[in-house]
Amino acid sequence: TGKFFVGGNWKCNGTKESINKLVSDLNSATLESDVDVVVSPPFIYIDQVINSLTSRIEVAAQNSWIGKGGAFTGEISVEQLKDVGCKWVILGHSERRHIIGEDDQFIGKKAAYALSQGVGVIACIGELLEEREAGKTSDVCFRQLKAYADAVPSWDNIVIAYEPVWAIGTGKVATPEQAQEVHVAVRDWLSKNVSAEVASKTRIIYGGSVNGGNSAELAKKGDIDGFLVGGASLKGPEFATIINSVT
Ligand code: 13P
């Protein structure tokens, strides 16, 4: 469904020097042309990355403020992201939900605001291990989806990232079948609760321990439209391999 989409979420990693090297590796990599690629550096390096990327790779922030800027110490507004050329923002990542404590409604409002300013949203969802073991995977994903759906006026500029929390940074990648099963359920939810058109057009990407060795098998599944990569996106050649696993 749609063009393959691969994002590299660098999380809270990197230095000016390591990021310089990573960008130069990406600049010299050969990337399949039929893939949308974004990288997501920490805020403080976004400007450096945008100014040194020479390819068509776009940049995503890892978070944004819920509304217009002003007296909000420590926050970064969507307008500021746009000012430096940032076209996307990752919202609802499990690390922000479960470590920082952001809730569904807060994330929904952030998504709506970013979209209102023309910034694309990589909208993350995903269940904890205990939720999966309790048979609640779809309940949790649907609840998180509903919070986005209730808040946003349109799905045109949204990519959904399914990231089961138990697979993030653990080396325990979901099997292609496990990921496909949830992606199908998400698409079905969109079809019933938003529209058939949105369900067929919206890209649903998978995240959680994706690497250069497992991406090709995952990419074969019909409802896996790309990846959101953490650790393996910090290595330029491996990230290129993942991008090029498009089928
Ligand atoms: P890892 O690829 O390191 O498991 O992280 C996935 C992730 O959280 C991407 O947003």
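One-based numbering, in listed order, for ligands and for the atoms of each. Because the structure is predicted, anything quoted here is derived from the model rather than measured.
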Considering only the protein, which heavy-atom contact is closest to atom 9 (C) of ligand 1, and what is its distance? E163 OE2, 2.9 Å
Once rounded to the nearest 0.5 Å, what's the spacing between atom CD1 of I57 and atom CG of N27? 7.0 Å
What protein heavy atom sits nearest atom 3 (O) of ligand 1, and how far off is it? G231 N, 2.9 Å
Identify the protein heavy atom lying closest to atom 2 (O) of ligand 1, giving its residue, its atom name and the separation to 0.1 Å. G230 N, 2.9 Å
Under the ring-ring contact (aromatic ring centres under 6.0 Å, His included) test, residues paired with Y162 that sit two or more places apart: H183
In terms of atom number and element, which parts of ligand 1 are under 4.0 angstrom from non-hydrogen atoms of K11? 5 (O), 6 (C), 7 (C), 8 (O)
Check ion pair R143-D139 (N to O, under 4.0 angstrom): no
Output the rest of the hydrophobic cluster of W166: all Ile, Leu, Val, Met, Phe, Trp and Tyr residues reachable through side-chain heavy-atom contacts under 4.5 Å, sorted by chain and number. L129
Checking salt bridge (charged side-chain N to carboxylate O under 4.0 Å, His left out) against E102, which of K109, R97, R96 comes through? R96
List the steps, then state whether salt bridge (Lys or Arg N to Asp or Glu O under 4.0 Å) holds for K87 with D36. CA-CA 12 Å; K87 302 220 164 58; D36 286 332; over 6 Å; no
Taking only non-hydrogen atoms of G208 and a 4.0 Å limit, the atoms of ligand 1 in range are 4 (O), 6 (C)
Any nitrogen or oxygen of T170, side chain or backbone, less than 3.5 Å from one on ligand 1? no
Show me which atoms of ligand 1 lie under 4.0 Å from any heavy atom of H93. 7 (C), 8 (O), 9 (C), 10 (O)
OG (S233) and CG (L228) are apart, to the nearest 0.5 Å, by 8.0 Å
For A167, the ligand 1 atoms whose distance to one of its heavy atoms is below 4.0 Å: 4 (O)
Counting non-hydrogen protein atoms only, what is the nearest one to atom 4 (O) of ligand 1? Give residue, atom name and distance. G169 N, 2.6 Å
Counting only heavy atoms closer than 4.0 Å, does ligand 1 sit against the backbone of N9, its side chain, both, or neither? side chain
